[in-house]
Amino acid sequence: MPPRKIIIDTDPGQDDAVAILLALSSPEDMDVLGITAVAGNVPLELTQKNARIVCELAGKTDVPVFAGCDRPLGRQLVTAEHVHGKTGLDGPSLPDPTMPLQDQHAVDFVIETLRREDAETVTLCVLGPLTNIATVFEKAPDVIERVQQIVLMGGAYFEVGNITPTAEFNIYVDPEAAEITFKSGVDIVVMPLDVTHKALVTQPRNDAFRDLGTPSGIAVAQMTDFFERFDKEKYGSNGAPLHDPCVTAYLIAPELFSGRRINVEIETRSDLTRGMTVADWWGVTDRPANATFIGDLDADGFFALLVERIGRL
Ligand code: RIB
Ligand code: CA
């Protein structure tokens with residue numbers, strides 16, 4: 001089977017970085033047409049810089065990186081330096097990028113790519129707030145039906161929220177963008193906190209990254225060492241949850257994951273529950289299914305894949 005053509009939309013973020021490294025180390029599975037940065041974990045000028053830092057860490061400076069939206073569709077930007085540090089990639093000390101940022105706006109790159117490539121052959125891997133994706137759909141509705149699939153990290157049901165009691169960060173930052181995306185009709189696979197909180201970088205798993213002895217392996221160990229503080233303190237968890245790599249791992253080994261096709265709606269009106277993913281896991285409404293909501297994974301298989309692939313870089 002030929003590799004899937006993908007665009008990675010991202011707000012690096014240490015876990016975004018690991019997801020990108022997994023994609024860039026798997027050319028037999030994924031052809032990364034471009035990486036589009038969005039404001040999220042940290043402001044846009046840092047997420048676009050961090051995306052280039054990660055490409056250089058992987059030795060893949062031929063992958064074009066684009067800057068996208070610097071704020072949500074209709075709200076103030078909320079960032080997460082308390083989790084990711086002020087640079088967004090705290091942990092390892094990585095050099096500033098020398099590869100160029102593309103001049104073209106990320107939204108125009110996605111539109112142009114979807115119009116150029118054969119219909120339903122490009123998958124959007126979304127690792128941050130959905131602002132860029134929703135802007136694409138609003139600016140060029142003709143490309144919506146040309147998207148093969150959206151695989152995104154976001155939302156929560158049984159796990160409830162990580163930025164408020166009811167909302168996961170990516171959806172919380174731009175709930176209107178999430179609503180546009182979930183109502184678009186595109187085939188969506190959701191990696192919520194329900195599954196990503198089962199992908200914990202325990203000490204042995206962190207050691208396996210470090211023991212690779214490669215720049216990428218060591219950097220991944222240092223990144224997860226840094227950003228596990230937030231989740232250990234909040235949840236008492238046994239390591240950092242690798243949220244975003246669940247997205248790119250799904251494209252390589254979907255059999256590692258399990259979930260249900262259900263209806264997911266986004267709360268956009270209430271201040272109290274803004275950004276909540278109202279997931280009809282038990283089918284108690286007659287609202288049509290619009291997403292595959294992943295609830296579980298084979299964590300050992302997931303980490304074995306990550307170590308093997310990142311060990312290639
Ligand atoms: O809630 C976790 C998500 O928010 C991850 O994508 C992380 O990188 C942050 O963007
Ligand atoms: Ca992210």
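Hydrogens, waters and symmetry mates play no part in the numbers below; they use all other heavy atoms, side chains included. Both ligands and their constituent atoms are indexed starting at 1 by order of listing.
Nearest to atom 9 (C) of ligand 1 among the protein's heavy atoms is N41 OD1, 3.1 Å. Protein heavy atom nearest atom 5 (C) of ligand 1, with residue, atom name and distance: D15 OD2, 3.3 Å. With hydrogens left out, the protein atom closest to atom 2 (C) of ligand 1 is E168 OE2, 3.3 Å, a heavy atom. The protein heavy-atom contact nearest to atom 10 (O) of ligand 1 is N170 OD1, 2.9 Å. Scanning all protein heavy atoms for the shortest distance to atom 6 (O) of ligand 1 gives D244 OD1, 2.7 Å.
Atom numbering of ligand 1 starts at 1 in the shown order; those under 4.0 Å from a heavy atom of D16 are 8 (O). Within ligand 1, the atoms closer than 4.0 Å to a non-hydrogen atom of F169 are 1 (O), 4 (O), 9 (C), 10 (O), numbered from 1 in the order shown. Shown in contact with M153 at under 4.0 Å from a heavy atom are these atoms of ligand 1, numbered in order with element: 2 (C), 3 (C), 5 (C), 6 (O).
Side-chain contact, Q148 with T123: a donor N or O sits under 3.5 Å from an acceptor N or O. Under 3.5 Å, the side chains of S26 and R309 contain a donor-acceptor pair of N or O atoms.
If you chain together hydrophobic residues whose side chains sit under 4.5 Å apart, V247 and V186 never meet in one group. Both V65 and I8 belong to a single network of hydrophobic side chains, linked directly or stepwise wherever heavy atoms of I, L, V, M, F, W or Y lie under 4.5 Å apart.
No cation-pi contact links R205 to F209, judged by a cut-off of 6.0 Å to the six-membered ring centre and 45° from its axis.
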Mind running side chain to side chain donor-acceptor pair (under 3.5 Å) on N50 and T47 for me, showing each step along the way?
CA-CA 5 Å; N50 292 342; T47 59; over 6 Å; no

Yes or no on side chain to side chain donor-acceptor pair (under 3.5 Å) for T36 and D9, after CA distance, side-chain angles and deciding distance?
CA-CA 5 Å; T36 53; D9 191 69; 2.6 Å; yes

Using side chain to side chain contact (heavy atoms under 4.5 Å, CB included), reason through L313 and K60 one step at a time and then give a plain yes or no.
CA-CA 9 Å; L313 296 173; K60 307 287 183 187; 4.2 Å; yes

Stepwise salt bridge (charged side-chain N to carboxylate O under 4.0 Å, His left out) check, D174 with R75:
CA-CA 7 Å; D174 199 340; R75 294 178 186 259; 5.9 Å; no

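Protein N/O/S atoms found under 3.0 Å from the Ca ion (ligand 2), listed by chain and residue number: D11 OD1, D16 OD1, D16 OD2, L127 O, D244 OD2.
Each of T292, I171, N290 was evaluated against V264; a single residue qualifies, N290, per the side chain to side chain contact (heavy atoms under 4.5 Å, CB included) test.
Atom CG of L73 sits about 5.5 Å away from atom OG1 of T131, to the nearest 0.5 Å.
Geometrically, ligand 1 and L127 share a nitrogen or oxygen pair separated by less than 3.5 Å. Among the atoms of H243, none of the N or O lies under 3.5 angstrom from an N or O of ligand 1.
Within the 4.0 Å heavy-atom criterion, the part of N162 lying near ligand 1 is the side chain and not the backbone. Residue-level proximity to ligand 1 for D11 is carried by the side chain, the only part with a heavy atom below 4.0 angstrom.
Between F158 and W282, the ring planes lie perpendicular to each other; the angle is over 60°, past the 30° to 60° tilted range.
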